[in-house]
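Computed from heavy atoms alone, side chains included, the values below leave out hydrogens, waters and symmetry copies.
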Amino acid sequence: MAEHRGAVLPVADARNLLGLRSDKARAANRVVVVDYLGTRIGLAVERVQTILRLASSQIDAVPTVLKNGQGPAELEAIGRPGEGQSLVAILSTEKLFGNQAVNRVASPVGEHDMSEKSIVAKGEQLLIFSLGSEDYGLPMRCVEEVVRVPQSVTRVPKAPSFVAGVVNLRGRAVPLIDQRMRFEVADTNPRAWQRAIIVNFEETRVGFVVDRVSETVEIAAEDLLDAPDISERTSVFDRVARLKADGRMILLVDPKELLTRAEQDVVAALAMTGSEEKAS
């Protein structure tokens with residue numbers, strides 16, 4: 001996501017949409033803003049060369065041979081800029097953006113405006129944490145404390161993959177939930193740096209394991225906005241915060257949505273089991 005003219009702008013990766021391999025040496029560093037079905041969407045590209053204005057006589061239909069296969073399916077036409085200039089493949093926005101993930105944000109322009117109707121009633125204090133290279137926020141009102149992940153974590157046989165284990169925190173068994181598993185982040189961070197954010201979750205204390213906890217910030221009301229419906233996991237992120245100090249846009253986590261109802265039951269059972277084992 002990015003902020004664009006006072007609105008939250010979803011940004012899609014052009015290479016990903018075109019089925020191309022990622023290339024770290026040629027990372028996207030420009031965003032082309034496209035109007036698709038009345039919604040502004042950003043298209044991350046490697047570079048922007050020029051703007052061409054072509055007459056209808058300079059635009060040809062896509063040759064039939066190029067319509068076969070998955071690669072060129074996004075082509076709409078072929079442009080002929082002029083003598084001695086390379087042909088230009090003209091992409092179809094309908095085919096390029098016509099997938100389920102992008103269609104979720106294909107709503108009328110203005111729905112995600114940073115207007116008064118989308119602003120949260122009051123400001124609040126947030127805890128900023130990191131997973132991989134991304135930063136997220138969590139309301140401080142639900143955070144009890146932040147602790148270093150201990151080297152000794154009791155593993156629980158047959159527990160779900162997202163359960164890192166159970167730890168003894170001042171006489172109470174606290175299940176640890178690996179947020180890397182939840183958000184599918186590559187495990188490249190040294191364990192020594194990891195922290196557990198202890199949250200009181202419906203009378204059960206849960207530790208959410210993250211890579212780093214960087215700071216707490218006070219966000220004004222006008223800088224807290226509704227999160228756009230970007231993916232199936234959007235329910236986990238209910239709002240977006242604008243950090244005026246450095247211009248970042250940070251997704252805010254809704255603690256109630258971090259675990260499904262079934263996962264909550266598992267966490268509660270693990271906490272109870274850990275307490276019983278400690279007592280025995």
Side-chain angles (χ1 to χ4, degrees), residues 124-217 219 227 230-239 241 243 248 250-280:
E124 62 182 286
Q125 195 172 30
L126 304 174
L127 179 72
I128 307 300
F129 66 91
S130 303
L131 286 172
S133 60
E134 298 297 329
D135 292 335
Y136 303 94
L138 190 66
M140 279 296 297
R141 64 178 182 273
C142 68
V143 177
E144 287 194 0
E145 60 181 311
V146 177
V147 299
R148 186 187 298 273
V149 175
Q151 293 184 348
S152 177
V153 176
T154 302
R155 305 294 175 180
V156 182
K158 299 182 180 180
S161 59
F162 62 86
V163 177
V166 179
V167 296
N168 180 2
L169 186 61
R170 286 187 291 280
R172 294 184 61 184
V174 177
L176 295 184
I177 306 301
D178 190 344
Q179 292 304 104
R180 281 182 169 271
M181 296 292 296
R182 184 62 186 257
F183 295 110
E184 297 180 0
V185 177
D187 192 3
T188 57
N189 189 67
R191 295 287 175 178
W193 292 98
Q194 289 189 323
R195 296 293 184 269
I197 303 173
I198 308 302
V199 177
N200 195 331
F201 198 84
E202 294 189 357
E203 300 183 358
T204 299
R205 296 172 81 201
V206 181
F208 293 120
V209 179
V210 300
D211 288 337
R212 295 171 299 279
V213 173
S214 56
E215 59 184 322
T216 59
V217 295
I219 301 295
I230 297 175
S231 71
E232 294 177 356
R233 302 180 199 175
T234 301
S235 59
V236 174
F237 308 111
D238 60 345
R239 293 172 294 164
L243 304 187
R248 284 182 296 165
I250 291 183
L251 287 169
L252 302 187
V253 175
D254 181 356
K256 295 179 181 179
E257 295 294 336
L258 275 176
L259 299 175
T260 64
R261 181 68 258 174
E263 290 171 339
Q264 291 175 38
D265 294 339
V266 170
V267 169
L270 288 175
M272 185 174 296
T273 300
S275 298
E276 292 174 350
E277 290 179 351
K278 182 179 183 300
S280 61

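Atoms CD1 and CD1, from I219 and I128 in turn, are 6.5 Å apart once rounded to the nearest 0.5 Å. How far CZ of F129 is from CD of Q179: 6.5 Å, rounded to the nearest 0.5 Å. Once rounded to the nearest 0.5 Å, the distance linking CD1 of I197 with CG of L176 reads 12.0 Å. For the atom pair CZ (R212) and CD (Q194), the distance works out to 10.0 Å, reported to the nearest 0.5 Å. L138 contributes atom CG, which lies 9.5 Å from atom CG of D254 (distance to the nearest 0.5 angstrom). In this structure, CG in L251 is found 11.5 Å from CZ in R239, a value given to the nearest 0.5 Å.
Within the 4.5 Å cutoff, no side-chain heavy atoms of I250 are placed close to those of L126. Proximity of F237 to V253: side-chain heavy atoms (C-beta onward) are separated by under 4.5 Å at one or more points.
Considering every non-hydrogen atom in both V209 and L131, the closest pair reads O-CD2, 4.2 Å. Pairing each heavy atom of P150 with each of V167, the nearest pair is CG-CG1, 3.5 Å. In plain terms, the two heavy atoms of A241 and L252 that are nearest each other are CB-CD2, 3.9 Å. Counting all heavy atoms, side chain and backbone alike, A159 lies closest to V163 at CB-CB, 4.1 Å. Shortest non-hydrogen contact noted between G132 and R180 is N-NH2, 4.0 Å. Here the closest heavy-atom approach between residue V166 and residue A173 is recorded as CG1-CB, 3.8 Å.
A side-chain donor-acceptor contact under 3.5 Å links R155 to the backbone of A164. R195 places no side-chain N or O within 3.5 Å of a backbone atom of F208 that could act as its donor or acceptor partner.
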- prompt: Taking it one step at a time, do E215 and R248 satisfy salt bridge (charged side-chain N to carboxylate O under 4.0 Å, His left out)?
  reply: CA-CA 14 Å; E215 59 184 322; R248 284 182 296 165; 3.2 Å; yes

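Here E145 pairs with R170, R205 under the salt bridge (Lys or Arg N to Asp or Glu O under 4.0 Å) rule; sequence neighbours left out.
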